[in-house]
Protein chains: 2
Amino acid sequence: MNIRDLEYIKSVSKHLHFGDAALACHVSQPALSSQIKKLETELGVILFERDNRSVSVTDAGKDIIALAEDALSVIGNIYAAAETARDPLSGEFRIGSIPTIAPYLFPGFVTRSRAALPSLKLQFREDITDRLNEALLNGELDAAILATPPDSPKFNVIELYDEPFWVIFPENHDLQSFKRVRTKDLPTDELLLLAEGHCFRDQAMDVCRLDSSNETYTVRATSLETLINMVAARQGVTLVPAMALDPRRISGSGVDTQKLNDKSAYRRIYLTYRKSFPREALLQKMADVFCEGLPDTVKRIRG
Amino acid sequence: MNIRDLEYIKSVSKHLHFGDAALACHVSQPALSSQIKKLETELGVILFERDNRSVSVTDAGKDIIALAEDALSVIGNIYAAAETARDPLSGEFRIGSIPTIAPYLFPGFVTRSRAALPSLKLQFREDITDRLNEALLNGELDAAILATPPDSPKFNVIELYDEPFWVIFPENHDLQSFKRVRTKDLPTDELLLLAEGHCFRDQAMDVCRLDSSNETYTVRATSLETLINMVAARQGVTLVPAMALDPRRISGSGVDTQKLNDKSAYRRIYLTYRKSFPREALLQKMADVFCEGLPDTVKRIRG
DNA sequence: AATAATGATAAGCAAAACTTATGAATATAA
DNA sequence: TTATATTCATAAGTTTTGCTTATCATTATT
């Protein structure tokens with residue numbers, strides 16, 4: 001038996017036509033026919049029932065072709081493992097993050113990684129923490145940038161940075177008079193929050209010592225942009241993580257900002273990945289690239 | 001890459017010695033060495049670190065050899081599946097027959113095949129000839145027991161037996177006085193027939209030299225049971241093939257029977273299958289099992 | 001009856017894999 | 001130190017395998 005034979009029978013079972021199958025395998029039809037015949041002899045099993053007009057897969061053939069596809073998939077993994085071993089900084093990489101990080105962290109990262117990791121093919125996904133953790137577990141993602149500690153014993157993390165929280169309030173709001181705003185100064189009845197499922201909602205409620213029983217507002221934004229716009233419309237005040245403070249957006253938009261001055265008013269950002277993920281070197285390098293471009297409003301942990 | 005290459009690297013990783021590994025693979029040491037070198041070139045990864053005195057597996061090699069062992073295991077399953085499938089007397093088999101054969105032939109066949117073909121999983125279908133031929137052609141059936149010669153040049157047949165026709169008439173009918181009934185003696189105006197599409201209808205009309213223009217009756221039964229019951233109700237007389245004569249059903253039911261005494265008053269029963277069907281041995285065996293249990297009223301062709 | 005489609009077969013060639021013989025490096029023993 | 005043994009690599013030549021092109025046989029279509 002031969003790996004190519006497995007490709008041949010897979011191809012025939014797909015095309016149900018020896019000529020087309022051969023074409024797809026880049027060999028002549030007689031070559032494919034004779035290899036299949038030889039394999040059938042070796043196995044002692046007819047895989048395809050064919051007359052001069054049509055081809056079908058026998059019952060035994062179905063079982064064997066399913067196994068052949070399994071084997072080919074494992075062999076594909078061998079090539080992939082080799083490629084990874086050859087250069088862990090190349091290949092595909094799927095990374096996700098949450099709506100309160102991705103828009104502020106990923107754009108700069110893309111730019112810098114083009115230089116630092118030129119042969120890496122990145123794919124991004126933005127979703128809430130729970131779904132990212134799930135995607136990570138089942139292998140849909142290779143890593144995620146999260147604001148929560150590892151969710152599973154199968155995960156490892158690289159700690160990236162600590163991100164303080166800022167208050168955003170309308171111009172001429174009472175908060176303007178404070179030199180240093182602390183959580184106890186916040187008008188919790190005016191506080192605008194993200195929707196359920198967003199971890200920053202929980203984090204904001206946490207530093208303000210609110211729990212769900214305190215909820216009086218029906219505002220459920222799904223982005224910080226929305227929250228800031230609502231503050232500008234004098235609907236209330238809100239908290240945002242430091243990275244969301246874009247001076248160009250803030251200035252002249254009718255809102256003011258202050259750093260929240262409690263020691264505990266920050267969140268830690270992690271690069272999370274499966275312990276079994278084999279490209280450790282790539283993860284370290286990516287963590288570096290993430291941290292390179294961080295603004296001074298956050299506190300790096302690495303480097 | 002080659003399946004044998006996977007065996008080679010597995011062997012080397014086990015022995016950590018090229019000579020011993022080659023011995024275990026029944027090849028010369030240079031053959032094994034050169035194949036491994038070629039594989040390493042193909043993958044672009046060194047699998048074994050060797051100096052002239054010792055061999056060790058590289059980190060990349062460990063991953064790849066683990067995958068190679070996975071692949072070899074799946075390939076082992078292919079051989080195992082083939083071995084299971086090789087027994088042509090095992091597996092699924094879908095067979096069909098017509099309403100004037102199936103009820104009389106299949107029950108006994110099921111019983112006997114449980115002994116003779118214990119690992120065969122049989123599926124039965126009862127339908128009219130045309131639809132069985134169609135099902136056979138498009139692979140829905142593997143074989144059919146029919147009373148008509150092969151319908152397509154793609155079919156082969158095994159001839160099973162010749163089945164005489166019998167007359168069934170009400171007790172005290174005129175036919176009772178005949179020692180030997182011949183077709184010319186039949187009261188064709190009293191003849192009850194199956195519905196269109198049943199081959200036995202055509203066969204009965206044939207021996208009686210009737211054609212469709214002679215039709216005067218509206219009786220269109222779809223089973224011989226119905227015909228016999230109608231005869232018992234003195235609605236006419238009918239013909240049935242020999243296998244349909246169940247003495248237990250006939251005796252005391254108000255009907256009498258006589259074998260039709262013309263030489264040509266019989267039909268031949270065939271086991272029909274696609275020429276391309278690969279399990280010839282199974283078909284022969286099944287033909288034997290079918291013929292084993294035939295009553296003396298029919299004339300076997302085989303054995 | 002002619003044409004097209006399709007899988008099988010044949011003949012010849014090219015590539016791959018194997019064998020034996022030998023080389024090169026190094027550890028071991030005298 | 002020098003000879004010997006061990007071990008993987010290399011070389012040369014042969015066998016095996018797999019491929020290509022050309023062709024056949026069968027069957028469906030026009």
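So that the names make sense, note that chain A is the first sequence line, chain B the second, and so on, each numbered from 1.
Regarding B:Leu137, its CG atom lies at a distance of 13 Å from the C1' atom of D:dA28, rounded to whole Å. Regarding B:His26, its NE2 atom lies at a distance of 15 Å from the C1' atom of C:dC18, rounded to whole Å. When rounded to the nearest whole Å, the span between NZ of B:Lys275 and C1' of C:dG7 equals 16 Å. Atom pair B:Asn2:CG and D:dT17:P shows a separation of 12 Å (rounding to whole Å applied). B:Leu23 has its CG atom 11 Å from the P atom of C:dT19, to the nearest Å. Atom CD1 in A:Ile36 sits about 11 Å away from atom P in D:dC19, given to the nearest Å. Going from atom CD of A:Glu40 over to atom P of C:dG7 covers 13 Å, rounded to whole Å. The distance between atom CZ of A:Phe18 and atom C1' of D:dC19, rounded to the nearest whole Å, is 17 Å.
A:Tyr8 comes within 4.0 angstrom of the backbone, heavy atoms only, and of no base. Counting non-hydrogen atoms under 4.0 angstrom, B:Gln35 reaches the backbone sugars and phosphates but no base.
Between A:Arg4 and D:dC19, a side-chain N or O to OP1/OP2 separation shorter than 4.0 Å is present. Distances shown here put a side-chain N or O of B:His17 below 4.0 Å from the OP1 or OP2 atom of D:dC8. Residue A:Ser33 places at least one side-chain N or O closer than 4.0 Å to OP1 or OP2 of C:dA8. The phosphate of D:dC8 (OP1 or OP2) has no side-chain N or O of B:Lys37 nearer than 4.0 angstrom.
The main-chain N or O of B:Ser90 is found under 3.5 Å from a side-chain atom of B:Arg279 such that the two form a donor-acceptor pair.
Comparing A:Leu16 and B:Ala31 against DNA chain C, the residue whose closest nucleotide sits nearer the 5' end is A:Leu16. Residue-to-nucleotide proximity on DNA chain C shows that, of B:Ser34 and B:Gln29, the 5′-proximal contact is made by B:Ser34.
Here A:Asp51 does not pair with B:Lys275 in a salt bridge; the nearest charged N to carboxylate O distance is not below 4.0 Å. Comment: A:Lys285 does not engage A:Asp288 in a salt bridge, judged by the lack of any side-chain N to carboxylate O separation of less than 4.0 angstrom. Under 4.0 Å is where a charged nitrogen must lie from a carboxylate oxygen, and between B:Asp127 and B:Arg125 at least one such pair does.
For B:Lys154, whose side chain is taken as the heavy atoms from C-beta onward, the closest listed nucleotide among C:dT19, D:dA28, D:dC8 is D:dA28. When distances run from any side-chain atom of B:Pro30 to the nucleotides C:dT20, D:dC19, C:dA8, the shortest one goes to C:dT20.
In this pair, B:Phe106 and B:Phe290 present their aromatic rings tilted. The plane angle is within the 30 to 60° band.
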Could you go through nucleotides 24-26 of chain D and list every protein N or O atom that sits under 3.5 Å from one of its N or O atoms, giving the distance for each pair?
from   : atom 1 : to      : atom 2 : distance (Å)
D:dT26 : O4'    : A:Asn52 : ND2    : 3.1

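Residue B:Glu49 places its CD atom among 12 or fewer non-hydrogen atoms of other residues, nucleotides or ligands, all under 6.0 Å distant.
B:Arg94 CZ to B:Leu136 CG: the interatomic distance, rounded to the nearest 0.5 Å, is 9.5 Å.
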